[in-house]
Amino acid sequence: MTQTKNDILSSLNPSQRQAAEHFCGPLLVAAGAGSGKTRALTYRIANLILNHGVDPENILAVTFTNKAAREMKNRIEQLFAQHLALIRYDKPRSALTPEEQMKLRSRIYHSYIKPLWVGTFHALCARMLRYDIEKYQDARGHRWNKNFSIFDEDDAQKLVKQIVTQELNLDPKKFNHKTVRYSISNGKNKGWSPQAYQEAEPDYKGRVISQVYSIYQEKLAENNALDFDDLILVPVQLFRQNEQVLAYWNRRFRHILVDEYQDTNHTQYDLIRLLTTGGVNSYSFNDWQQRSIFVVGDADQSIYSFRMADFTILLDFQHDFGDRLPDESTRTMVKLEENYRSREQILTAANHLIARNEQRIDKVLRPTRGEGDPIYHYSADDEQEEAEFVIQKIRQMNGDNPEMHWGCFAILYRVNAQSRAFEEILVRSNLPYKIVGGFKFYDRKEVKDALAYLRILVNSADSISLTRVINTPKRNIGKTTVDKLMNAAIELGVPLWEIINDATSVNTLAGRSAKAVIRFAELMAKWQQEVNNMTASEIARGIMEESGYIEDLKKQGTDEAEDRLQNVFELFNAIAQFEEDNEEANLENFLAEAALASDLDNLKEGTDAISLMTLHSAKGLEFPVVFLVGLEQGLFPNHRSIEDPPALEEERRLCYVGITRAEDMLCITHALKRRLWGGYREAAIPSQFLDELPRDVLSSPHLGRSRRKGGSPGRAVRTSSPQNWRKGDRVVHRSFGPGEITHVFGTGQKISVAIKFPGAGQKIIDPQLDQLQKLE
DNA sequence: GGTTGTCTGTTTTTT
DNA sequence: ACAGACAACC
């Protein structure tokens, strides 16, 4: 009888506790970096179940990444283990015998973890759709069945390309398939149908894109496939058209928790709102009996606007769901401001930097740990020397401090391409490292080929997968043959598979390739039969063997082929692992998971290695020592953001995210010269963010040198305006480097100049806005 | 139908 | 610089 409510929550601070104790109604937790938001979330879930008697089945917890979902499950499990060890065995968890541990874990998993719905928006929606998608039809009557394929970005682009170039014969320069795909994606993230798209963007371009969008949806339906955006949008539309379906999920998920709420887009918001209110479509919704909406986020860490995330959704929470009272008197917002992660000097820098942003909730990170060391700033000659410096510094710290193992260090950069210089030196130095994100296991050609085979078995309508592997390995089924078959399929309005699987049609259409096509069809048909009899592992091995794919790689004999072979086997391992971890593992479930999984390396965590990743991937993580590299104008902030104030604010938030990853030590570097697009970019100007950090927390032995070489960006603004620019002047631009003026337009205040840059080509620039310096 | 060589855009970030 | 797309050739 020692377990009371107090005991579970006793380790929380007052604000965390207020968040964790929240039962019914809306609550926004505005949680600064390192303030224990995951803690508040997990403790609240435990508290709901243990102290309020909520059935885990009634809880929906949405995270932004798979990693975060895994982490949350683990932490909830640990909480329960701690708690139940005391209740059931009357001793702390650490004192349990191995058998008792095992028994306890299995019990916790079955009664608490498994019935909880914890996952990303995409994974959770995919799961709901496996139940209900057959009740859905879109505005034009298209339907899907529960074996739908999930198209990744690659598949989606292929489809758009097909439409743009073949169906509509558009000028590929004006309507680049990637740009069109991106526009469609953005439209979907705003909740627009093709019709709505056209209404929102009624100009010529908008009308064309709307038309592509419309055909694209038709094709997706023909393939029985959805793209990433549809996974969210389709449930929203289904909920709007089918009251019973919405009522079911609304009743089911009484308590909804959303992590990283600042990263939600409008469609995701609609989904959450529908699930929470059950479709009561007004702000007067206030039936909070036995229900809650609990969102956690930080507007200062909103870094996904390029994916249509909109942090004003977080800023509006109080208006949407809350009591709409001012911050001081509201009962529907809690701020977590104590920072348990970083040393004071690091927090000072972070607070100072982010305070420059206009759009935010006022909030500071209050230090709880000692002052720590100043932030170290290093100015390198080029990207190679930058990497050498960082690695040498890591070796030195590792040598000096026995407790600093390799896993303590992280190198964070703006773009993936920056990892190369570091990798080269790490390999040469023989140090253990891991690259998080970047190349993804499931993006590799051979893995996608294997998955395509499997997808066809589950969803034979998936023509994208079918065309992908029909001649891989080579079976003498060339482009002309595939085109003929495909045209017939389009003509008849049936999936490609139906043509291929009919020997007569094939004989008529395919000429001398007919035999090969028929053999391929027979192979696939045979394995389709086995989907319900054999395990996913057996099927995967079987089809990859019998299709000749493995044989083909083996006989190539190159290192690359060997590598690919290894990856195919690695996929088999992943399937086997999946079968071990999931009771109802089957091929369908595996494919659903694989489509949404990022990379496999996450599985082998725990290895002691230096971490390399982009700033975006670093969100949510923390490291004792962080190196923030490549702080150069044009790289970070990225050149596409410099002239766009909201985008620049986002870059600044990204920098804030980077700084706040560091626990004890932060080191910021930039290079004066950087290899980019093949050539060198000379005289790179240090990032403006360096100037935006408070001076007194920066320790920077090379500061003087770097300033003189790069010029001070702060001062350059003022010196550049009254100049007389002339054709032929040699100049240095803040982000494009050195160049020569080729034209001068206008006079006086309204002057603009065209400059030819060796690296970036010709650009027209306003010297008032851009930092331009004349060279003598 | 497959292979070789040339041309092009590409580098912001991701579920 | 480099991969992927496409055309010309085998």
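Being a predicted model, the structure only gives us computed values, none of them experimental. Reckoned from all heavy atoms, side chains included, excluding hydrogens, waters and symmetry mates.
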Find the distance [X]:[atom1] to [N]:[atom2] and express it as a whole number of Å.
| X | N | atom1 | atom2 | answer |
| --- | --- | --- | --- | --- |
| A:R512 | B:dG1 | CZ | C1' | 6 Å |
| A:R674 | B:dT11 | CZ | P | 17 Å |
| A:K479 | C:dA5 | NZ | P | 12 Å |
| A:F64 | B:dT14 | CZ | C1' | 7 Å |
| A:F228 | B:dT13 | CZ | P | 16 Å |
| A:L596 | B:dT14 | CG | P | 16 Å |
| A:E260 | B:dT13 | CD | P | 19 Å |

Quiz item: If only side-chain N and O atoms of A:S513 are considered, is one of them under 4.0 Å from the OP1 or OP2 phosphate oxygen of B:dG1?
Solution: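 Checking B:dG1 against A:S513, a side-chain N or O does come within under 4.0 Å of OP1 or OP2.
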
Quiz item: Taking for each residue the nucleotide of DNA chain B with the nearest heavy atom, is it A:I477 or A:N638 whose nucleotide lies nearer the 5' end?
Solution: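 This one resolves to A:I477.
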
Exercise. On DNA chain B, check which nucleotide each of A:L654 and A:N471 is closest to and give me the residue with the more 5' one.
Key: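 Residue closer to the 5' terminus by nearest nucleotide: A:N471.
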
Ion pair [X]/[Y], N-O distance below 4.0 Å:
| X | Y | value |
| --- | --- | --- |
| A:K188 | A:D230 | yes |
| A:R181 | A:D229 | yes |
| A:R360 | A:D300 | yes |

Exercise. Determine, answering yes or no, if A:F306 is stacked on B:dT13 under the 5.5 Å centre rule and the 30° plane rule.
Key: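 Here the ring of A:F306 and the base of B:dT13 are stacked, with centres under 5.5 Å and planes under 30°.
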
Quiz item: Which whole number of Å gives the distance between the P atom of B:dT13 and that of C:dG4?
Solution: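 The answer is 16 Å between these two P atoms.
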
